[in-house]
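Everything below concerns the one structure shown next.
Note on naming: letters A, B, ... go to the chains in the order of the sequence lines (proteins, then strands), and numbering restarts at 1 for each one.
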Amino acid sequence: MPELPEVETSRAGIAPHLVGHRVARLVIRQPQLRWPIPANLALCLEGKVIRSVARRGKYILISVEGGAALLHLGMSGSVRILPAGAPAAKHDHVDLVLDTGSMLRLTDPRRFGALLWQPENELHSLLASLGPEPLSDEFNAEYLQTCCKGRKTAIKTLIMNSQLVVGVGNIYANEALFQAGIDPRRAAGRVSAQRLEQLVICIKQVLARAIEQGGTTLRDFVGGDGKPGYFKQELHVYGRAGELCHSCGSILKEVRLGQRSTVYCPSCQR
DNA sequence: CTAAGGACCTGTCGGC
DNA sequence: TGCCGACAGGTCCTTA
């Protein structure tokens, strides 16, 4: 479900319900996520006031005195604010119960998500080697050109590499490359500097626009406020293989790159 | 070092 | 209707 826009939508949706409030209890029904939830996490959080709810890449950081809970939604995770005590369904793995009578509930059918602990003044190893935020100035044409130099990897695979830039998942990689007019299969090192400059602009535009729209709801994604995302209406290639290009009318093609579905217009993208 | 593939897990969908 | 394989928003880890 979540790429950066969906994570940011979730973060923004839950933050007002959490910040400034005290954690009454952490209820863990299923600790086996991608990594086990640390046994001492409840002790780290209970009784503490939540200071901030931030985001780094696709991680949500819920900070309290002493550290931060790191939350990753994986492929199928989502969070919602509910009244404390709402009945739990099959994949409702964790509740962060607040002293307000509300709780944050984590649901994740595939359990590729994670809930970990990062002590204050330490950088969790999962965050240590992440690339820059795509919407920051640090992610610019010059930077991407350096990343691509000499690389034979397909440009799409490269922009999805979180060590180089975070937050660009399969949907938005497809969309950004369409907007930039670049064939996703093209070796990164063989994309001209000018077109990489364009790609940076397109990645930023697509992500920013998707955040404005509350993310992309494919199946049942809803933000922390329970509303679906509306960006799906603006998708040009993702999920549209065999349909007509919105720009030139050609039939969109599909290939696999790094085992991910890749859709592009053979006429507009070179 | 880079690149490619498998692994993790459950639900859904299309085909027979 | 039922079964089986393929596929799904991520990304770490192993292997070559």
Side-chain angles (χ1 to χ4, degrees), chain A residues 1-11 29-37 55-60 70-79 89-94 106-116 124-131 134 146-177 184-190 203 206-207 210-211 213-223 228-232 234-235 237-242 254-263:
Chain A
M1 160 195 327
E3 296 190 33
L4 188 146
E6 292 74 42
V7 175
E8 177 56 25
T9 298
S10 299
R11 188 204 63 75
R29 292 181 205 83
Q30 168 58 280
Q32 298 303 318
L33 304 185
R34 172 147 195 194
W35 294 280
I37 297 174
R55 181 186 58 73
R56 172 75 176 104
K58 294 174 188 165
Y59 291 88
I60 293 173
L70 295 187
L71 175 63
H72 195 291
L73 299 177
M75 288 275 261
S76 59
S78 62
V79 284
K90 191 172 179 186
H91 300 297
D92 296 340
H93 305 315
V94 179
L106 170 66
T107 305
D108 185 2
R110 293 181 71 180
R111 289 191 270 130
F112 287 173
L115 181 59
L116 299 165
H124 196 284
S125 57
L126 288 170
L127 303 186
S129 54
L130 292 180
T146 307
C147 292
C148 289
K149 207 162 200 175
R151 295 284 198 111
K152 291 180 179 171
T153 313
I155 185 66
K156 175 172 178 253
T157 308
L158 185 134
I159 60 174
M160 290 178 68
N161 180 344
S162 63
Q163 297 198 12
L164 302 179
V165 57
V166 298
V168 184
N170 199 33
I171 297 177
Y172 302 110
N174 277 298
E175 295 299 317
L177 286 162
R185 299 166 300 175
R186 180 174 283 270
R190 295 185 169 260
I203 288 171
V206 165
L207 293 177
I211 290 170
Q213 294 297 299
T216 300
T217 291
L218 291 180
R219 290 191 170 77
D220 53 0
F221 170 77
V222 288
Y230 295 104
F231 193 73
K232 186 172 196 288
E234 300 187 23
L235 297 178
V237 284
Y238 181 84
R240 297 194 62 244
E254 178 164 21
V255 293
R256 303 226 126 231
L257 284 179
Q259 20 256 73
R260 308 306 296 279
S261 154
T262 303
V263 185

Check side chain to side chain contact (heavy atoms under 4.5 Å, CB included) between [X] and all other residues, then give those that pass, not counting sequence neighbours.
| X | answer |
| --- | --- |
| A:Ala187 | A:Arg190 |
| A:His72 | A:Lys58, A:Tyr59, A:Ala114 |
| A:Tyr238 | A:Asn170, A:Ile171, A:Asn174, A:Glu175, A:Leu218, A:Leu235 |
| A:Arg34 | none |

Students often get this wrong, so: under 4.0 angstrom with heavy atoms, is [X] touching a base, only sugar-phosphate, or nothing?
| X | value |
| --- | --- |
| A:Arg151 | sugar-phosphate |
| A:Ser261 | sugar-phosphate |
| A:Tyr238 | sugar-phosphate |

Between [X] and [N], does any side-chain N or O lie under 4.0 Å from OP1 or OP2?
| X | N | value |
| --- | --- | --- |
| A:Arg256 | B:dA4 | no |
| A:Thr153 | B:dA3 | yes |
| A:Lys58 | C:dG10 | yes |

Please state the C1' separation for the pair C:dT11 and B:dT12 - nearest whole angstrom. 23 Å
Using the P atoms only, state how far B:dG5 lies from C:dC7, rounded to an integer number of Å.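 Those two atoms are separated by 15 Å.
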Let me know the distance between [atom1] of [X] and [atom2] of [N], rounded to the nearest Å.
| X | N | atom1 | atom2 | value |
| --- | --- | --- | --- | --- |
| A:His72 | C:dG9 | NE2 | P | 14 Å |
| A:Asn170 | C:dG10 | CG | P | 6 Å |
| A:Asp108 | C:dG10 | CG | P | 13 Å |
| A:Tyr172 | C:dG10 | OH | C1' | 14 Å |
| A:Leu257 | C:dC7 | CG | P | 14 Å |
| A:Tyr59 | C:dT11 | OH | P | 7 Å |
| A:Ile159 | C:dG10 | CD1 | C1' | 15 Å |
| A:Arg240 | C:dA8 | CZ | C1' | 19 Å |

For A:Gln32, does its backbone N or O pair with a side-chain atom of A:Arg111 as donor and acceptor, under 3.5 Å? yes
Any donor and acceptor pair, going by atom type alone, linking the side chain of A:Glu3 with main-chain N or O of A:Gly169 inside 3.5 Å? yes
Ring pair (Phe, Tyr, Trp, His ring centres under 6.0 Å) against A:Phe112, all qualifying residues, sequence neighbours excluded: none
[X]: what forms a salt bridge (charged side-chain N to carboxylate O under 4.0 Å, His left out) with it, not counting sequence neighbours?
| X | answer |
| --- | --- |
| A:Glu254 | none |
| A:Arg260 | none |
| A:Arg186 | none |

Sorted by number, the residues of residues 161-169 of chain A with heavy-atom contact under 4.0 Å to DNA chain B: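 By residue number: none to list.
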Can you pull every protein N or O that's under 3.5 Å from an N or O on nucleotides 6-8 of chain B?
unit_1, atom_1, unit_2, atom_2, d
B:dG6, N7, A:Gln259, NE2, 3.4

A:Ile37 versus A:Val94: any side-chain heavy-atom pair under 4.5 Å?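 With C-beta onward as the side chain, the pair touches.
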Please tell me if the side chains of A:Lys232 and A:Glu234 come closer than 4.5 Å, counting only heavy atoms from C-beta onward. no
For a stem of at least 3 consecutive Watson-Crick or G-U pairs with distances under 3.5 Å, i pairing with j, i+1 with j-1 and so on, which stems involve DNA chain C? B:2-8 with C:10-16, B:10-16 with C:2-8
On DNA chain B, compare the nucleotides closest to A:Ala154 and A:His91; which residue's is nearer the 5' end?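 Result: A:Ala154.
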Quick check for you: among B:dT10, C:dC12, C:dG10, whose closest atom lies nearest to any side-chain atom of A:Glu3? C:dG10
I want to verify a distance call: between B:dC9, B:dG11, C:dG9, whose nearest atom is closest to the A:Arg111 side chain?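 Nearest listed nucleotide: B:dC9.
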Sorted by chain and number, sequence neighbours left out, side chain to side chain donor-acceptor pair (under 3.5 Å) with A:Thr107 holds for A:Asp92
